[in-house]
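One-based numbering, in listed order, for ligands and for the atoms of each.
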Amino acid sequence: MASAMRNYQRTALFPALIFFFLMAMISCTSEPPTPKDLSKENLIPKPVSLTATGSSFRLTENTGIYVQTPSDGSNELTQLGQYLADLLKPATGFPLPVNATREAPSAGNIYLALSAGDAELGEEGYELEVTESLVKLSANTPAGLFRGLQTIRQLLPPAIESKKVQPGPWEIASGAIRDYPAYVHRGAMLDVSRHFFGVDDVKRYIDLLAFYKLNVLHLHLSDDQGWRIEIKSWPNLTAHGGSTEVGGGEGGYYTQEQYADIVQYAQARYITLIPEIDMPGHTNAALASYAVLNCDGKATELYTGIEVGFSTLCTDKDTTYKFIDDVIRELSALTPGPYIHIGGDESHVTRKDDYIYFINKVQDIVRSHGKQMIGWDEITLASLNPGSVAQFWANADNAKAAVEQGVKLIMSPAKKTYLDMQYDSTTALGLHWAAYVEVDSAYIWDPATYVKGVSKENILGVESPLWTETITNMDEIEYMAFPRLAGHAEIGWTPAAERNWEEYKVRLGRHEARFNAMRVAFYPSPLIPWEEEASGDQ
Ligand code: ACM
């Protein structure tokens, strides 16, 4: 009886075992990891170092995003996890729940963790390890994790940028990346004075900067044609000075609440806002708004043309410095970052001695509000504090003067980084007073050798200004910025020895599908081998 029973059990067990074995086979064979080569992916900026292991991680409807439980109770990592989930949800349609955990999660998940103490990674570096079972991103800081998230994003197929559910599969090539930036300052400047751009446009630009690991947005908030930031103690600056723009359109300005919203949006992407109030030249909008700012006590007319160099604040009036103190005080209160930009360029109708006196005084005002001054390279005529920064755009002697004064430089050579320069003589938008700047020219230069006497240790970083005399809407901003800004981002991040135009242009060409998925109105330069379908898949 006992043996008959055992036989019965054996015969009943056998088909069940076969069944489970077959099920296991099916579940393994239906979705084997796809071989993928991490070294053939098209990352911009190119990472510092990378090891490929030939397989892939697959994102599925069961994937969760796990963040290391913070020791200090902060929810910053959870917010980063949520940022990633929000990026990946629309195209995948997966729920991607975000959870805190004390240990590395089980297979099939994404894990974000802080691991302080890796000096080489610094403030913004990260390490990414991708296996068939886990994506692990680690960094010293949340900012480093944020930069690494952009790498994860670029390792997924371009369709990940779609706002509608796409078929997938959503695979990330396996291997390891160890990456950190060459320069601490990697920025873009947007002129919202010549033409005004609203909060939504600025936020979209911030998102595009974040995608390429930039960390600074410099807003040119005032010029002859318009004053764009509310200053509560001088309300006519915006009421009158913000009421027009180049060509006579209606202009506009940011209320302090709107500006604070932009600052916060940028902060969530680890991007620092640098506000610029240009002075003593480029000040007609202020001079038209307040008669008292003029040496002759008469307000000027509003200006909607594109000439430069005709306006100046009255440098020997006490009211001028009271005005500047009020403006810098209100602006500093809106600025969590360390810098206030005071312009200082093209003050052609300010006497040289007056200009020097003025910049020295304004530097003290900026410092009295706990900030460091940045100015265009002409400010090196003055006596600069070591914490002040000069932004090189045209004059090599000024750049050398900065080095002599022990002042750091932001490199924005007009012939390479000015995004309003036309690509070639057929470009309908933009100007060409500095040069025609095709995509190759914008890429083929090195900040550390561009000006004789200025080397890497003198340089804070690279910034790409977009002046908007001829630029009126977001599509036009994107057309002039992309793809050149992607190349500038690589110059700021990737070591010079790792950069090569022939290799870069192929990688950039494979970003076409990403630009299209993100609806970026980029310039399809004939120098680039564009590849709509390419995604780096093998
Ligand atoms: C500048 O282009 N005037 C800084």
Report task. For residues 297-307, pull every pair meeting side chain to side chain donor-acceptor pair (under 3.5 Å), keeping only residues two or more places apart or in separate chains. Result -> Asn284-Thr300
Report task. Kindly assign one of parallel, tilted or perpendicular to the pair Trp376 and Trp393, based on the angle between their ring planes and the thresholds 30° and 60°. Result -> perpendicular
Query raised in the report: Do the ring centers of Tyr254 and Phe196 come within less than 6.0 Å of each other?
Result: yes
Requested in this report: May I ask you to check whether Phe323 and Tyr290 place their ring centers less than 6.0 Å from one another?
Outcome: no
Query - Lys/Arg N to Asp/Glu carboxylate O, Asp223 vs Arg194, below 4.0 Å - result: yes
Report summary line: Contact set, ligand 1, heavy-atom distance under 4.0 Å, ordered by chain/number, equals Asp345, Glu346, Trp376, Trp393, Tyr418, Trp467
**Report entry** Side-chain donor-acceptor contact under 3.5 Å, Tyr212 with Gln154
**Finding:** no
